[in-house]
Peer 1: 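One structure, pasted below without further comment.
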Amino acid sequence: MSKRSLVISLLAAASFFVACGDVQQEQSAAAKQAAAVQAPENSPIVEVKPFTAPAQPVVTLEQAKRYVKASAGLVELGVVWTTKIDQAPDAEKVQMLEAYNVARDQLCARVGLTGGIAEYNWITAVALPNKDNKATFEAAGLKK
């Protein structure tokens, strides 16, 4: 499962770079940095709360559904950003990766994982492999 998460993360990072490249070419260097970390005007920033792993690695059906939705969104985000990252000048790649991390956090928070990408990563690494969650993830629509 960690291989899948790595691939999803890389794809998501790449898609972010794709989305940011056109905007950054039109702006000055200072404006490029600001644009890379700002959300679109019509999408207000969603608060991402600090995530603390629960004592038991068990998820609810609702949390599993949010995880499945976030997974699909992160894959799409990765696909969009892949080309932009590949085409970006080396000097801009760090800025784009930072903005990509913000985008991943926001995506997760918007689908209901209030802990953002940290909560998503915990579910991937801890809750998903837990056999007690197998039926819950299957009921949520996760297919392995």
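Remember, it's a predicted structure, so these values are computed and weren't measured experimentally. FYI, the numbering just counts along the sequence from 1.
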Peer 1: I'd like to know if the side chain of Glu119 and the backbone of Thr114 have a donor-acceptor N/O pair within less than 3.5 Å.
Peer 2: yes
Peer 1: To the nearest 0.5 Å, how far apart are CG in Asn130 and CZ in Phe137?
Peer 2: 9.0 Å
Peer 1: May I have the step-by-step check of side chain to side chain contact (heavy atoms under 4.5 Å, CB included) for Leu74 and Leu107, ending in yes or no?
Peer 2: CA-CA 7 Å; Leu74 288 170; Leu107 185 144; 4.0 Å; yes
Peer 1: How long is the straight-line distance from CG of Leu128 back to OG of Ser71, given to the nearest 0.5 Å?
Peer 2: 8.0 Å
Peer 1: Going by the rule side-chain contact (heavy atoms from CB on, under 4.5 Å), which residues pair with Glu138 if we only count those two or more places apart in sequence or in a different chain?
Peer 2: Lys134
Peer 1: Atom CD of Gln87 and atom NZ of Lys93: how far apart are they, to the nearest 0.5 Å?
Peer 2: 10.0 Å
Peer 1: If you compare all heavy atoms of Ala64 against all heavy atoms of Thr136, which two are closest, and at what distance to 0.1 Å?
Peer 2: CB-CG2, 3.9 Å
Peer 1: Report the C-alpha separation of Leu113 and Ile123 in whole Å, then their side-chain angles, then the decisive distance to 0.1 Å, and conclude whether the side chain to side chain contact (heavy atoms under 4.5 Å, CB included) test is met.
Peer 2: CA-CA 10 Å; Leu113 297 176; Ile123 293 171; 4.0 Å; yes
Peer 1: Please give me the minimum heavy-atom distance between Lys65 and Ala140, naming the atom from each residue.
Peer 2: N-CB, 3.6 Å
Peer 1: Between CG of Asp105 and CD of Glu47, what distance do you get to the nearest 0.5 Å?
Peer 2: 11.5 Å
Peer 1: Do Leu142 and Tyr120 land in one hydrophobic cluster if side-chain heavy atoms of ILVMFWY residues count as linked below 4.5 Å?
Peer 2: yes
Peer 1: So, for Arg66 and Val111, which heavy atoms are closest and what is the spacing to 0.1 Å?
Peer 2: CG-O, 3.2 Å
Peer 1: Over all heavy atoms of both residues, which pair between Leu61 and Ala139 is shortest? Give the atoms and the distance, please.
Peer 2: CD1-CB, 3.8 Å
Peer 1: Can you list, pair by pair, the side-chain donor-acceptor contacts under 3.5 Å of residues 49-58, counting residues two or more places apart and other chains?
Peer 2:
none

Peer 1: For the CD1 atom of Ile117 and the CD atom of Gln106, what is their distance to the nearest 0.5 Å?
Peer 2: 11.5 Å
